There are 2 protein chains.
Amino acid sequence: MPKDIGDVDVATVEDVVALMRARGGRATSSRRILLEVLFEAGNHLDAEDIAEAVQLRSPDVHISTIYRNLEELQRLGVIVHSHLGHGPATYQLASLAHAHFICERCGLTIEAPDEIFKGLARTARTKLGFSIDPRHFAILGICAQCS
Amino acid sequence: MPKDIGDVDVATVEDVVALMRARGGRATSSRRILLEVLFEAGNHLDAEDIAEAVQLRSPDVHISTIYRNLEELQRLGVIVHSHLGHGPATYQLASLAHAHFICERCGLTIEAPDEIFKGLARTARTKLGFSIDPRHFAILGICAQCS
DNA sequence: GTGCTTGCAAACGTTTTGCAGACTC
DNA sequence: GAGTCTGCAAAACGTTTGCAAGCAC
């Protein structure tokens with residue numbers, strides 16, 4: 001699966017900080033801590049989860065700062081967000097993004113390997129001229145247990 | 001593509017009203033008008049669109065009544081809702097539901113034919129035991145014009 | 001009359017915004 | 001010092017809920 005438009009490969013917190021400074025941004029400690037959390041943590045973190053983790057290291061970082069920095073990091077292509085259901089969006093490093101299957105009955109979340117979309121990607125491109133990126137919204141359905 | 005769990009085939013407003021009464025519900029005029037709107041209108045109507053259309057015929061119907069009735073109609077399997085982007089959900093008759101491809105750049109919405117998902121559906125079932133219903137969340141990507 | 005349904009207002013959860021002060025460069 | 005970034009409060013957005021009055025049966 002192709003990366004999202006604008007995805008950037010960055011391996012460390014300092015890489016991203018350098019990128020932000022190169023664009024005229026400042027290297028603030030909220031940003032560094034937010035990035036540390038994103039690099040260390042697992043997937044499927046929503047803004048609230050991230051805020052809690054950041055606040056363990058710096059209690060006064062406000063959730064609006066989290067949102068503003070998440071937005072900026074998306075503009076830079078460092079992270080992406082996805083919608084796994086009706087709740088809050090989840091954020092992850094762009095390089096780790098993947099699609100999800102979610103069971104409508106039990107909520108089970110399966111991280112879908114990219115190969116599974118190869119056929120659909122080819123058909124959508126040849127029949128509709130459309131290049132899919134199946135990672136933004138989850139695909140609902142019924143899991144093995146529930147069916 | 002299989003229908004959503006609980007989908008019901010109903011051809012007319014009166015069919016649905018009869019169904020609701022059979023379950024102990026009342027045949028109110030807000031409900032009839034809401035159903036008329038759903039049967040007459042095109043796809044991709046959000047709650048606000050529906051409320052406006054209903055209010056042309058009965059100005060005092062409140063949007064909370066619209067939401068309550070939409071929810072009940074979903075419980076009965078008469079309609080489904082889908083998420084085409086970051087805005088409000090859209091509602092349609094379950095029998096007309098279909099998947100969507102949406103361009104991340106220009107917003108173009110393609111109504112995806114069900115056959116296009118056959119391969120993915122088979123792979124997901126055999127590899128993951130998961131039966132997909134690709135109609136709830138749109139699939140993002142880049143359209144022919146934008147790429 | 002029973003009890004489902006409605007309108008209204010108020011709350012909800014998530015996200016965005018305006019502003020004045022604080023910080024980075 | 002210029003301009004970015006922050007915390008806070010408040011608003012925005014789509015949706016849900018509590019309640020008392022209204023309506024279908």
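Numbers restart at 1 for each chain; the letters A, B, ... are given by sequence-line order, proteins then strands. Computed from a predicted structure; not experimentally measured.
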Handout entry: Contact under 4.0 Å: B:Ser30 side-chain N or O vs C:dT5 OP1/OP2
Key = no
Exercise for the section: Could you tell me how the ring of B:His86 sits relative to the ring of A:His81: parallel (under 30°), tilted (30 to 60°) or perpendicular (over 60°)? Expected result: tilted
Handout entry: Members of residues 52-60 of chain B that approach DNA chain D, where some heavy atom sits under 4.0 Å away
Key = none
Practice task
For B:Glu71 and C:dC4, give me the distance from atom CD to atom P, rounded to whole Å.
Solution key: 16 Å
Practice task
Identify, with sequence neighbours excluded, every residue that meets ring-ring contact (aromatic ring centres under 6.0 Å, His included) alongside B:His62.
Solution key: none
Practice task
Apply side-chain contact (heavy atoms from CB on, under 4.5 Å) to B:Val78 and B:Asp15, showing your working.
Solution key: CA-CA 10 Å; B:Val78 173; B:Asp15 285 352; over 6 Å; no
Problem - salt bridge (Lys or Arg N to Asp or Glu O under 4.0 Å) between A:Lys118 and A:Glu115, worked out - result: CA-CA 5 Å; A:Lys118 265 162 108 173; A:Glu115 314 90 71; over 6 Å; no
Practice task
Could you state the atom-to-atom distance from NE2 of B:His62 to P of C:dG7 in whole Å?
Solution key: 8 Å
Handout entry: Below 4.0 Å: OP1/OP2 of C:dT5 and any side-chain N or O of B:Arg68
Key = no
Problem - A:Leu38/A:Val16 under side-chain contact (heavy atoms from CB on, under 4.5 Å): CA gap, chis, key distance, verdict - result: CA-CA 11 Å; A:Leu38 289 170; A:Val16 183; over 6 Å; no
Problem - Value in whole Å for how far the C1' atom of C:dT15 lies from CD1 of A:Ile66 - result: 13 Å
Completion exercise
Min and max contacting nt of DNA chain D in 5' to 3' order, chain A heavy atoms within under 4.0 angstrom, are D:dG3 to D:dC8
Exercise for the section: Show your working on side-chain contact (heavy atoms from CB on, under 4.5 Å) between B:Val37 and B:Leu56 and close with a plain yes or no. Expected result: CA-CA 10 Å; B:Val37 167; B:Leu56 288 179; over 6 Å; no
Problem - Candidates C:dT6, C:dC4, C:dT17 - which lies nearest the side chain of B:Arg26 - result: C:dC4
Practice task
Starting at atom CZ of A:Arg23, determine the distance to atom C1' of C:dC25, rounded to an integer number of angstrom.
Solution key: 19 Å
Exercise for the section: Using modelled atom types only, decide if a donor and an acceptor are shared between the side chain of A:Arg31 and the backbone of A:Arg26 within a distance under 3.5 Å. Expected result: yes
Problem - DNA chain D: 5'-proximal contact among B:Ala89 and A:Ile63 (nearest heavy atom) - result: A:Ile63
Handout entry: Within one Ile-Leu-Val-Met-Phe-Trp-Tyr cluster: B:Leu84 and B:Leu93, side-chain cutoff 4.5 Å
Key = no
Exercise for the section: Please check the phosphate of C:dG7 (OP1 and OP2 only) for any side-chain N or O of B:Thr65 closer than 4.0 Å. Expected result: yes
Exercise for the section: Can you tell me the distance, in whole Å, between the OH atom of B:Tyr67 and the P atom of C:dC8? Expected result: 17 Å
Practice task
Would you kindly give the CG-to-C1' distance between A:Asp46 and C:dT15, to the nearest whole Å?
Solution key: 12 Å
Handout entry: Test applied, side-chain hydrogen bond (donor to acceptor under 3.5 Å, both in side chains); reference residue, A:Ser82; option that passes from A:His44, A:His100, A:Gln92, A:Arg135
Key = A:Gln92
Practice task
Could you check how far CG of A:Asn69 sits from P of C:dT15, rounded to whole Å?
Solution key: 15 Å
